[in-house]
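Computed from heavy atoms alone, side chains included, the values below leave out hydrogens, waters and symmetry copies. Below, chains carry the letters A, B, ... as their sequence lines are ordered, and counting in each starts from 1.
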There are 2 protein chains.
Amino acid sequence: MLVISDVIRGFTDSIILAQLSKGDSYGYEINKTIQAITDGEFELKEATLYTAFRRLEADGCIISYWGNENTGARRRYYTITEEGRAVFKENLTDWNRAKEMINDLLNKEGL
Amino acid sequence: MLVISDVIRGFTDSIILAQLSKGDSYGYEINKTIQAITDGEFELKEATLYTAFRRLEADGCIISYWGNENTGARRRYYTITEEGRAVFKENLTDWNRAKEMINDLLNKEGL
DNA sequence: TTATATACATTGACAGGTGAGGTATAGTTA
DNA sequence: TAACTATACCTCACCTGTCAATGTATATAA
């Protein structure tokens, strides 16, 4: 009932911003990094990933540009904006608060 | 962008099961308990709460019965089932795993 | 030449949260 | 006594995010 993707839901944007805050990257690489960090336990579905990029760009959190690879598949790179950094910072705070709340709600005795 | 409700999404069921695992209760009381535990920082919206009850009962995680109050508003009580306890136990495990994953994804350096 | 890896993108179905609205009882306050 | 607040339940329509399925294109390895 509680699937891992439901838990992650709502963090997609934050996870992407977290990766981009370390430097420019592109979809495929970001997803590989996520898999590496979670020991292959988690990956963003492609549809989810690219939907998130559109959303983040529309919200002014990231900017995209095409890489100039002269071989292999083309890559669309993303840069995090100042706005994006601010949002990410806020998300981190929210996460830490939410984490405590959920811990309490799942474990603490009532009242 | 990261709203608390997005973070909580997917935890509604677990939070309710957590409260019911301590004993029978009814909607209004469960919500008050949640508010108390989170120092008023969080509450389930009524629509969310009652939708979750329907879902949990349909899934066999809880059973409901009407209380026999002879004064005040009527109350529909809920009992967690064995199935519900099993699901809750699994949810706790999933949460702990997801928590670590999200922490890593938001904080760890890439690779 | 067939398969795999890299790399991007869209669409339609589905699920969960929630604002807005509704019902009913009981106590408190103006 | 009228108005307000608290208790307590319920449903519908809408919105948002996830994801399976599908499609495109390049390059390398078997």
- Task: Quickly work out the A:Lys32 NZ to C:dA5 P distance and round it to whole Å.
- Result: 8 Å
- Which residues satisfy the side-chain contact (heavy atoms from CB on, under 4.5 Å) test with A:Thr38, sequence neighbours excluded? A:Glu41, A:Phe42, B:Met101, B:Leu105
- Given atom CZ of B:Phe11 and atom P of C:dG17, what is their separation to the nearest angstrom? 11 Å
- Query: A:Ser25: what forms a side-chain hydrogen bond (donor to acceptor under 3.5 Å, both in side chains) with it, not counting sequence neighbours?
  - Reply: A:Glu29
- Note on the structure: Rounded to whole Å, CZ of B:Phe53 lies from P of D:dT11 at a distance of 13 Å
- Query: Does the A:Thr79 side chain pair with the main chain of A:Asp24, one donor and one acceptor, at a distance under 3.5 Å?
  - Reply: no
- Applying side-chain hydrogen bond (donor to acceptor under 3.5 Å, both in side chains), name anything that partners A:Thr12, two or more places apart in sequence or on another chain. none
- Phosphate OP1/OP2 of D:dT18: any A:Arg54 side-chain N/O under 4.0 Å: no
- Message: Are more than 12 heavy atoms, taken from residues, nucleotides or ligands other than B:Glu82, located less than 6.0 Å from that residue's CD atom?
- Response: no
- Task: Please state whether the phosphate of C:dA9, meaning OP1 or OP2, lies under 4.0 angstrom from any side-chain nitrogen or oxygen of A:Tyr50.
- Result: no
- Hits for side-chain hydrogen bond (donor to acceptor under 3.5 Å, both in side chains) against A:Glu46, two or more places apart or cross-chain, chain-then-number order -> none
- Message: Please encode protein proximity along nucleotides 20-30 of chain D as a string of B, S and -, counting only heavy-atom distances under 4.0 Å.
- Response: B-----SS---
- Query: Over how many whole Å does the gap from B:Arg55 atom CZ to C:dG16 atom C1' extend?
  - Reply: 6 Å
- Message: Measure CD/B:Gln35 against C1'/D:dA8 and give the value in whole Å, please.
- Response: 14 Å
- Watson-Crick or G-U stems involving DNA chain C, each at least 3 pairs long, distances under 3.5 Å, ordered by first number: C:1-30 with D:1-30
- Could I get the full list of side-chain contact (heavy atoms from CB on, under 4.5 Å) partners for A:Arg76, not counting sequence neighbours? A:Arg54, A:Ser64, A:Trp66, A:Tyr78
- Mapping A:Ala52 and B:Gly27 to their closest nucleotides on DNA chain D, which lands nearer the 5' end? B:Gly27
- Roughly, in whole Å, what's the span from CZ in B:Arg75 to C1' in C:dA26? 12 Å
- Query: Looking only at side-chain N and O atoms, does A:Tyr26 come under 4.0 Å of OP1 or OP2 in C:dA7?
  - Reply: yes
- Between A:Thr51 and A:Tyr77, who's closer to the 5' end of DNA chain C by nearest nucleotide? A:Tyr77
- With sequence neighbours left out, write down each residue that passes side-chain hydrogen bond (donor to acceptor under 3.5 Å, both in side chains) with A:Gln35, or none if nothing qualifies. A:Glu43
- Query: Which ILVMFWY residues are connected to A:Tyr65, directly or by a chain of links, through side-chain heavy atoms under 4.5 Å apart?
  - Reply: A:Tyr26, A:Tyr28, A:Tyr77
- Item | OP1 or OP2 of D:dT18 under 4.0 Å from side-chain N/O of A:Thr12 | yes
- Item | Whole-Å distance separating the CG atom of B:Leu44 from the P atom of D:dC10 | 15 Å
- Message: Rounding to an integer number of Å, can you tell me how far A:Arg76 CZ sits from C:dT10 P?
- Response: 8 Å
